[in-house]
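First comes the structure, then the notes that go with it.
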Amino acid sequence: LVLTGVAARLRSQSFPTMPSKADCIKKHPLCFFCSPNLKENDGTLDFAKACSLVAVALGDTDWWGRYRIDDDEADHLRKDVEAASKKKRNEAAGCEDGQVQLSELKDFAFDVANKEVLLKHASCLHGLMKEVFLNEVFKTFDVDNDKCLDAIEWKEFLDHLAAMNLEHLVAIGHVAFRAFFGRGQPWDLHPENFSWNVIQGDLISAAGRFGQELKDALADDETVDQQISDGSAPKQRSEFWNMDNEIFDSLIGSIRGSLLAPSGFQAGKDPDCKSWHPFPPGWWQDVYYYSANNHPLHGIFMCDPIHPLSWIERVCMEIATWGFTMGTSLMHRRWVEENHAPLEFLSDEQTFSMLMVTIPGLIVWWTLFLLFTCKRGQVNHAHSTQVQTKKAWWMRCVGASFAYFFCVAGVAYTIYFFVEKVLNKNQEVEPYLERLVIARLKSYLLFWFLIFFVYFNPLISWGTPDPNKPQTGIGDLIGLGQWRIEKQRFQVRCARVADMRQKARDV
């Protein structure tokens with residue numbers, strides 16, 4: 001298992017492609033087909049639009065409503081690239097009309113005025129402003145090696161950048177122990193349409209009661225209300241990228257002050273509850289997903305293949321945790337049975353089991369989790385060059401090396417324990433194994449207790465629901481009602497962005 005995990009860490013690509021279903025099964029072969037995930041239920045590997053919206057809203061600080069572009073916008077962007085290159089060179093590039101050459105893309109992306117245009121597009125396109133990255137990624141998608149991207153290659157190129165950006169944002173959410181992913185939400189979203197009015201309607205729908213407040217505030221303008229409700233507004237090509245920079249910056253700055261967020265401490269049913277029970281829509285789906293990706297036992301069999309931590313690493317972590325926990329259980333005879341504990345309360349059977357076996361096991365497991373995932377080693381392949389990717393790869397390898405060292409040490413100690421106790425001293429190991437099994441079972445139950453009654457507490461929450469403020473308070477660190485807090489951060493941000501977009505349209 002250790003050698004297989006190390007080999008997986010050592011494999012890297014200059015610019016990775018989206019994994020196929022076969023690749024996902026190789027990474028997570030145990031229960032891949034029934035493990036919860038964030039993908040569409042249509043047999044593809046595309047992210048569900050609701051989950052995509054949550055990923056960019058909570059993970060992208062520069063987000064203002066978009067996470068990818070549709071076919072029409074991709075075609076308009078291609079025409080802008082061609083026009084900018086012809087204007088600069090006073091001649092057409094070597095490729096036919098309708099195709100994009102690398103030199104044309106550079107002419108467009110590295111022009112100061114066009115950089116401002118790209119910055120106003122979805123953040124997945126911002127990496128095009130880096131020359132090294134642009135050279136690397138262009139070669140990857142020039143399938144026929146004709147130095148040009150045709151219409152199909154161009155669309156695949158842009159879709160892949162969006163997918164890589166989303167995959168990174170989801171991975172960062174996992175590493176940060178995010179609770180809210182938007183699974184099972186009753187939002188009426190339009191997965192293939194990205195026109196202004198459809199996006200506006202999607203944002204208001206996802207914003208829940210905050211979106212309804214915004215819609216009520218706009219109700220005086222019957223035209224606006226009708227366009228948002230039925231999508232009757234004409235599909236506009238220019239949304240923000242042709243807007244004056246000063247006006248754009250002022251509108252972006254207005255997001256922070258619009259629409260007040262709810263209070264930090266909240267008690268009672270979630271305002272989104274529509275039934276007699278205290279569980280709002282999507283609560284159970286995210287509980288199940290969180291448990292499948294963060295619980296030490298559940299995660300081995302049901303983790304999402306996109307999670308930075310593979311099932312092999314989870315097995316190694318559990319074996320190592322059992323080994324180190326066995327070491328603390330050896331003190332039981334002297335501290336409990338012979339009553340020689342350094343502190344009197346540690347001679348109690350239940351206290352010793354919890355403080356010296358169960359909790360140390362939790363600490364060991366979380367330490368290995370942080371070493372394997374290594375937040376600073378997560379790289380956004382939609383923006384990063386080979387040098388940046390390699391640097392992040394080395395950071396992940398260093399963290400994983402320490403983690404595997406501890407795993408090997410745990411396994412080695414387990415072997416030493418059985419050799420010393422059984423072969424050399426001919427002692428019975430059943431009492432040790434019994435205490436160890438009971439302690440690990442307590443750890444599993446404690447994990448689920450924290451999930452249900454702390455992080456996903458349906459009645460009490462304490463944190464920072466304002467998305468423009470950092471989550472550094474005591475309540476945020478404890479994680480009490482974390483799911484509700486994160487959901488409200490998402491809803492408030494959607495409502496504020498929708499408000500800003502409406503102001504931009506008025507301008």
Side-chain angles (χ1 to χ4, degrees), residues 50-51 53-61 63 172-174 176-189 202-217 255-291 293-295 446-500:
C51 300
L53 200 60
V54 172
V56 293
L58 294 180
D60 187 354
T61 56
W63 178 72
I172 289 298
H174 281 306
F177 310 109
R178 180 179 299 156
F180 179 68
F181 282 91
R183 299 179 77 245
Q185 292 295 328
W187 307 328
D188 183 21
L189 306 182
D202 287 348
L203 291 176
I204 291 177
S205 176
R209 60 192 177 96
F210 303 100
Q212 187 60 46
E213 291 176 5
L214 175 62
K215 195 173 181 179
D216 292 341
I255 295 178
R256 182 178 298 273
S258 61
L259 296 175
L260 295 177
S263 61
F265 182 82
Q266 303 171 43
K269 288 174 58 176
D270 190 303
D272 291 335
C273 285
K274 304 299 182 183
S275 183
W276 59 268
H277 57 73
F279 307 112
W283 180 88
W284 168 248
Q285 288 88 337
D286 274 341
V287 166
Y288 184 56
Y289 186 71
Y290 187 90
S291 174
N293 287 284
N294 293 283
H295 192 274
L446 184 56
F447 263 97
W448 274 315
F449 175 86
L450 291 174
I451 291 173
F452 282 100
F453 296 100
V454 179
Y455 311 137
F456 285 83
N457 191 309
L459 298 176
I460 302 176
S461 63
W462 184 22
T464 308
D466 191 333
N468 295 115
K469 296 180 180 179
Q471 292 180 280
T472 55
I474 297 177
D476 297 307
L477 298 177
I478 296 174
L480 182 59
Q482 176 185 343
W483 183 82
R484 185 196 293 195
I485 295 296
E486 289 180 352
K487 183 184 68 169
Q488 291 178 348
R489 288 176 69 88
F490 165 76
Q491 290 176 327
V492 171
R493 190 165 193 201
C494 283
R496 288 178 177 177
V497 168
D499 184 37
M500 182 274 289

Exercise: do N468 and R496 side chains pair donor with acceptor under 3.5 Å: yes

If you round to the nearest 0.5 Å, how far is CZ of R489 from CG of D476? 7.0 Å

Kindly compute the distance separating CD1 (I204) from CZ (F210), expressed to the nearest 0.5 Å. 14.5 Å

Give a yes-or-no answer on whether the side chains of Q185 and Q285 include a donor-acceptor pair shorter than 3.5 Å. no

Answer yes or no: is there a donor N or O on one side and an acceptor on the other, between the side chain of K487 and the main chain of Q482, under 3.5 Å? no

Distance-only check: which donor-acceptor pairs under 3.5 Å involve side-chain atoms of residues 448-463, not counting sequence neighbours?
from, atom 1, to, atom 2, distance (Å)
W448, NE1, S291, OG, 2.9
N457, OD1, L459, N, 2.9
N457, OD1, I460, N, 3.0
N457, ND2, F453, O, 3.0

Any donor and acceptor pair, going by atom type alone, linking the side chain of S263 with main-chain N or O of F265 inside 3.5 Å? yes

Smallest heavy-atom separation, C494 atom then W63 atom, equals SG-CH2, 4.0 Å

Just by distance, do the side chain of D499 and the backbone of A495 share a donor-acceptor pair under 3.5 Å? no

Closest non-hydrogen atom pair, A179 against E486: N-OE1, 2.8 Å

When rounded to the nearest 0.5 angstrom, what distance separates CD1 in I485 from CG in L480? 8.5 Å

Kindly compute the distance separating CZ (F180) from CZ (F490), expressed to the nearest 0.5 Å. 5.5 Å

Taking every heavy atom of V492 against every heavy atom of P465, the minimum-distance pair comes out as CG2-O, 4.3 Å

Strictly below 4.0 Å, N to O, side chains only: are D272 and R484 in salt-bridge contact? no

Output field: ring centroids F181/H174 closer than 6.0 Å: yes

Q488 and P271 have their tightest heavy-atom pair at NE2-CD, 4.5 Å

Tell me the closest heavy-atom pair linking G182 and V54, and the distance in Å. CA-CG2, 3.8 Å

Counting only heavy atoms from other residues, nucleotides and ligands, does the tally under 6.0 Å from CG of L477 exceed 12? yes

Assess the residue pair Y290 and F177 against the criterion (side chain to side chain contact (heavy atoms under 4.5 Å, CB included)); give the C-alpha distance rounded to whole Å, side-chain angles, the decisive distance to 0.1 Å, and a yes or no. CA-CA 8 Å; Y290 187 90; F177 310 109; 4.0 Å; yes

For A57 and R493, the nearest pair of non-hydrogen atoms, with its separation, is O-NH1, 2.5 Å

Could you check if a side-chain atom of P262 sits within less than 4.5 angstrom of a side-chain atom of R209, using non-hydrogen atoms only? yes

Does any donor atom in the side chain of D202 or W187 lie under 3.5 Å from an acceptor atom in the other side chain? no

Would you mind checking if D286 and R178 are paired as a salt bridge, meaning a charged N to carboxylate O distance below 4.0 Å? no

